[in-house]
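Predicted, not measured: the structure shown is a model, and the values here were computed from it. As a basis for the values below, the full set of heavy atoms in this structure was taken, side chains included, without hydrogen atoms, waters or symmetry mates.
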Amino acid sequence: MLNELMGYYRSVSRHADCAKAAEQALALICSMGLEGTVNHGTTLLNAATGLRAAGENDQAEKVYQKAQAILETQLPAEDYRLATLYNNMSLLYAATGRLEQAAEYARKAVERMEQNPDAQAELAISLSNLGGMYTRMGQPDQAHRCLERAVRLFEQLPGGDDPHYPAALCALAELHFHQGEPERSAELFRRALSLIERTYGRNDDWQTTRRNLAAAKDLIARRNAVKNKTGMELAREFYEQAGRPMLRQKYPEYAGRIAAGLVGEGSECLGFDDAFSVDHDFGPGFCLWLTKEDYQAIGSRLQADYQTLVAQWSGAPARNVTPEGTNRVGVMEIDEFFRRFTGHTHAPKTESWQDIMTWNAIPTERLASVVNGQVFEDPLGEFTRRREEFAKYPEPVRLCRLGQAVGRMAQAGQYNYPRAKRRQDTDMMYACLAEFVCAAQETAYLLDGVYMPFYKWRARGMERLEHADSLIPLLHWLMERPASDGQAEETIEAVCACVAAELKRQGLASSDDTFLEHHKREILQRMQQMLQSGKTANAEPHQQDKKAAQIKAIVDEEWRQFQQVQNEGGRASCQDDRSTFVLMRTSQFAPWNEEVLASYQQDLSRAGDQGWNLLTEKYARMMEHTAPQQYARLADRLPKRGAERLQLQELLISIMMRWTREVERRCPHLMGRGRNLSSAQDGPWNVSSETYLRGELGTYSDETLRLYAQMVLDLLAQGKNLVEQNMTCMARGYGYQGLEDAENACAAQSRTGRS
């Protein structure tokens with residue numbers, strides 16, 4: 001009787017009474033010595049189902065597992081009670097988001113019942129449950145077969161309606177609703193609603209089913225009213241029939257100053273709305289954009305008149321607005337509209353690195369929102385001018401974001417996915433593939449110079465891109481297959497090859513290498529050069545042009561000399577990595593003043609005229625600490641440095657190393673990826689920062705060293721850190737906002753095992 005009471009209380013949502021009955025029943029089981037029997041297992045099953053209905057999922061799972069341990073040892077495989085257990089465990093796993101486990105238990109229940117020809121009701125219940133799992137897993141064909149079969153079995157049962165029949169009807173109705181068949185959905189919901197009320201009364205399930213029926217009926221009404229019009233067509237029709245006449249009649253002095261259209265959030269602004277879109281945040285509506293002065297004068301009154309139009313217009317049902325879809329239409333101030341989406345009333349400039357970071361801080365989907373949709377009228381032209389400011393990324397911003405995106409593709413797909421696969425770490429493989437696909441999608445949009453929309457429309461939006469045809473099927477393949485598929489690595493490489501080819505076609509890559517990390521560096525270097533050659537907030541354009549050209553000439557000459565450096569072990573790999581070399585050396589020279597740059601440029605020129613190689617000299621001087629015996633054979637060939645000169649070098653080294661340690665304390669993960677600091681840690685293949693600096697300073701002429709020392713002392717007096725400035729330039733060259741951003745990224749990578 002207590003077990004029956006549990007079922008009754010659960011069905012009418014009296015969860016506290018259900019829990020009390022379960023407690024009493026289990027106490028009786030214990031007092032009668034029935035632990036481990038079928039009766040005990042059945043009571044545990046009913047108690048767990050009551051806990052699940054009350055939302056106590058963690059406790060319910062523990063009790064289900066106890067029931068499973070008993071019933072699987074006490075019952076034959078075809079016993080319907082096992083199917084009941086598996087069905088309920090399936091529902092629990094589904095409620096907690098573990099759909100694969102939910103489907104597994106639902107299939108086990110069906111298999112048990114198909115062995116028992118006398119358990120057709122239990123088979124129907126199991127099929128209904130399995131169909132619901134398939135629906136949630138996005139497998140509608142399998143779901144439809146299971147649910148149709150379940151409904152047929154319920155209809156054939158003798159003795160009236162089974163109490164589980166409404167659940168099968170609701171599951172099938174939900175499937176038809178999401179497949180765009182609201183008429184069939186509404187019919188099934190009506191039948192289920194009647195059965196639930198007759199069997200259980202107006203319980204929680206009845207309330208849910210009634211809401212679902214109302215949603216299906218609303219969708220039918222909206223489709224009939226809209227008659228296959230798109231949201232944009234509906235907005236234009238509403239404006240032309242009601243909006244424009246109202247403006248001309250009530251606001252004649254302002255009508256020639258108001259812009260009208262539909263721009264912003266929502267699938268209709270992207271042109272992606274369809275029959276499924278009408279179920280939420282859909283209906284007649286348009287935007288009216290006013291200047292600040294006009295909005296202050298008539299904004300409130302005009303909004304009230306707009307609301308009256310919405311209520312009176314008979315062209316379609318009013319918008320069915322959700323809390324997330326408010327403020328998408330109606331009267332808006334132009335400044336506030338752009339500020340709402342981008343944080344700015346006008347598009348940011350691109351004159352400095354800070355401007356680049358300002359652009360990058362605006363989410364790309366929000367930029368897409370301010371340039372999508374249609375402007376029906378804009379007699380004043382102000383709203384259109386603002387839109388044109390935001391029309392596309394300025395080229396330095398595009399290159400910055402593109403470099404970051406291809407870098408994520410390389411990191412997630414070409415580097416970390418194979419490592420995850422070798423570890424047989426399925427979770428990591430899926431994470432890597434998800435990150436790779438997202439980065440590849442962003443790359444595709446950036447290659448076309450188009451803003452990427454809200455995440456759910458990214459794949460569909462790629463169909464409009466000019467250069468994405470070859471990427472689309474490859475990315476679909478990756479998303480549709482298991483993460484451990486044997487062809488995933490090959491497909492990743494195919495995607496990267498497509499991207500590399502397009503980068504080269506656009507002149508953004510100089511090699512055919514498909515490893516995108518190399519291209520990332522080159523792209524970001526181009527961005528940095530473009531930025532340095534442009535106007536900044538702190539200097540006149542011609543000054544920046546001059547300094548950037550000077551640094552470029554220095555780095556080009558260093559690269560030429562670097563190519564001639566002869567190593568004992570043969571050509572070094574870094575001699576083939578121009579992009580990294582350019583980035584590192586440009587970062588080195590960017591903080592220098594023009595006097596030091598000019599003097600060092602003269603050193604390079606003089607050395608070239610004399611047939612001397614300053615880069616070779618630098619590495620030779622390092623060998624005094626890394627390979628003393630080899631250095632002894634070279635020392636006589638190097639220019640001699642006097643005691644006073646060497647003393648000045650050591651003073652500069654001590655200042656620079658103090659600055660380096662300050663940066664290391666602030667950025668341990670970032671600095672941990674570079675050289676060791678102290679010369680005491682040197683080895684034949686391990687050059688410390690101190691030794692590298694000593695070798696470099698040793699190549700400067702006396703005049704260059706004097707000017708360099710004056711620059712260092714000036715910075716020291718100002719409380720500035722030259723090493724920090726160098727590292728900041730380098731971090732920005734790699735696409736980070738600054739040192740802190742780079743340090744946070746390195747720390748996160750260390751935690752996840754990335755290198």
Steps toward side-chain hydrogen bond (donor to acceptor under 3.5 Å, both in side chains) verdict (E522, S510): CA-CA 8 Å; E522 186 171 359; S510 57; 3.0 Å; yes
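- Looking at T364 and R401, their side chains come closer than 4.5 Å, going by heavy atoms from C-beta outward.
- The shortest side-chain heavy-atom distance between V495 and L475 falls under the 4.5 Å cut-off.
- R386 and D335 are joined by a salt bridge, as a carboxylate oxygen and a charged side-chain nitrogen come within less than 4.0 angstrom of each other.
- Ionic pairing of R666 and E740 is not present here: no N-O contact between side-chain nitrogen and carboxylate oxygen is shorter than 4.0 angstrom.
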Full working for salt bridge (Lys or Arg N to Asp or Glu O under 4.0 Å) between R244 and E377: CA-CA 10 Å; R244 184 190 293 134; E377 290 182 337; 2.9 Å; yes
side-chain contact (heavy atoms from CB on, under 4.5 Å) between L524 and L583, intermediate numbers included: CA-CA 8 Å; L524 294 177; L583 174 60; 5.9 Å; no
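- At least one side-chain heavy atom of L309 sits under 4.5 Å from a side-chain heavy atom of M246.
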ring-ring contact (aromatic ring centres under 6.0 Å, His included) assessment of Y415 paired with F515: CA-CA 9 Å; Y415 180 75; F515 185 51; 8.1 Å; no
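- Closest heavy-atom contact between A509 and H519: CB-ND1, 3.5 Å.
- In this structure, the separation between CE on M730 and CZ on R585 is 9.5 Å, given to the nearest 0.5 Å.
- A donor-acceptor pair is defined here as one N or O able to donate and one able to accept, closer than 3.5 Å; such a pair exists between the side chain of K547 and the backbone of A590.
- Looking only at side-chain heavy atoms (C-beta outward), L447 and L503 come within less than 4.5 Å of each other.
- What you find for G264 and F341 is that their closest heavy atoms are CA-CZ, 4.0 Å.
- Judged by distance alone, with hydrogens and angles left aside, the side-chain atoms of E333 form no donor-acceptor pair with the main-chain N or O of L290 at under 3.5 Å.
- Listed for the D513 side chain is no donor-acceptor partner under 3.5 Å among the backbone atoms of H518.
- Annotation: side chain of V582 is in contact with side chain of Q529 (closest heavy-atom distance under 4.5 Å).
- Interatomic distance, L739 CG to T728 OG1, rounded to the nearest 0.5 Å: 3.5 Å.
- For R301 and D305, the salt-bridge test fails: no basic side-chain N is under 4.0 Å from an acidic carboxylate O.
- Atom CG of N721 is separated from atom CG of L715 by 9.0 Å, given to the nearest 0.5 angstrom.
- A salt bridge is absent between R257 and E382; no separation between the charged side-chain nitrogens and carboxylate oxygens falls under 4.0 Å.
- Using a distance-only test at 3.5 Å, with no hydrogens or angles considered, no donor-acceptor pair links the side chain of D378 to the main chain of A259.
- Put simply, the side chain of Y445 never gets that close to the backbone of L465: no donor and acceptor are under 3.5 Å apart.
- At least one donor-acceptor pair under 3.5 Å links the side chain of D448 to the backbone N or O of H467.
- Using a 30° and 60° split on the angle between ring planes, F376 and Y239 fall in the tilted class, from 30° to 60°.
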Verdict with reasoning, Y455 to E365, per side-chain contact (heavy atoms from CB on, under 4.5 Å): CA-CA 8 Å; Y455 73 90; E365 64 270 15; over 6 Å; no
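- Side-chain N or O atoms of Y306 include one that pairs as donor or acceptor with a backbone N or O of F286 at under 3.5 Å.
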M462/L471 under side-chain contact (heavy atoms from CB on, under 4.5 Å): CA gap, chis, key distance, verdict: CA-CA 9 Å; M462 285 180 65; L471 290 180; 4.3 Å; yes
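- Sorted by first and then second residue, the salt bridge (charged side-chain N to carboxylate O under 4.0 Å, His left out) pairs involving residues 404-415 (not counting sequence neighbours) are R408-E435, R408-E442.
- At distances below 3.5 Å, not a single donor-acceptor pair connects side-chain atoms of E724 with backbone N or O atoms of V663.
- With rounding to the nearest 0.5 Å, the separation of CD in E265 from CZ in F454 is 8.5 Å.
- In this structure, W592 has its ring center closer than 6.0 angstrom to the ring center of F589.
- The CG atom of L247 sits 13.0 Å away from atom OH of Y254, with the distance rounded to the nearest 0.5 Å.
- When each of R328, M232, R236 is paired with L262, the side-chain contact (heavy atoms from CB on, under 4.5 Å) condition holds for M232 and for no other.
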R385 vs E388, salt bridge (Lys or Arg N to Asp or Glu O under 4.0 Å): CA-CA, chis, key distance, verdict: CA-CA 5 Å; R385 282 192 289 273; E388 290 172 352; over 6 Å; no
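- The heavy-atom pair separating R398 from L508 by the smallest distance is NH2-CD1, 3.9 Å.
- Across all their heavy atoms, A391 and Y451 have their closest contact at O-CE1, 3.5 Å.
- A 4.5 Å side-chain heavy-atom check between Q179 and P140 finds at least one atom pair inside the cut-off.
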I334 and Y295: CA distance, side-chain angles, deciding distance, side-chain contact (heavy atoms from CB on, under 4.5 Å) verdict: CA-CA 9 Å; I334 294 175; Y295 186 86; over 6 Å; no
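- Here the shortest heavy-atom pairing between F390 and H346 reads CZ-C, 3.5 Å.
- Within a 6.0 Å sphere centred on CD of E389, heavy atoms belonging to other residues, nucleotides or ligands number more than 12.
- Residues V263 and F337 meet the side-chain proximity criterion, which asks for heavy atoms closer than 4.5 Å.
- The aromatic rings of F383 and F338 sit tilted relative to each other, their planes meeting at an angle between 30° and 60°.
- Put simply, CD on Q550 and CG on L597 are 4.5 Å apart, with the number rounded to the nearest 0.5 Å.
- Put simply, the side chain of P348 reaches to within 4.5 Å of the side chain of I362, judged on heavy atoms.
- Residues V499 and M409 share a closest heavy-atom pair of CG2-CE, 3.8 Å.
- Remark: the backbone N or O of T514 is paired with a side-chain donor or acceptor of Q414 at under 3.5 angstrom.
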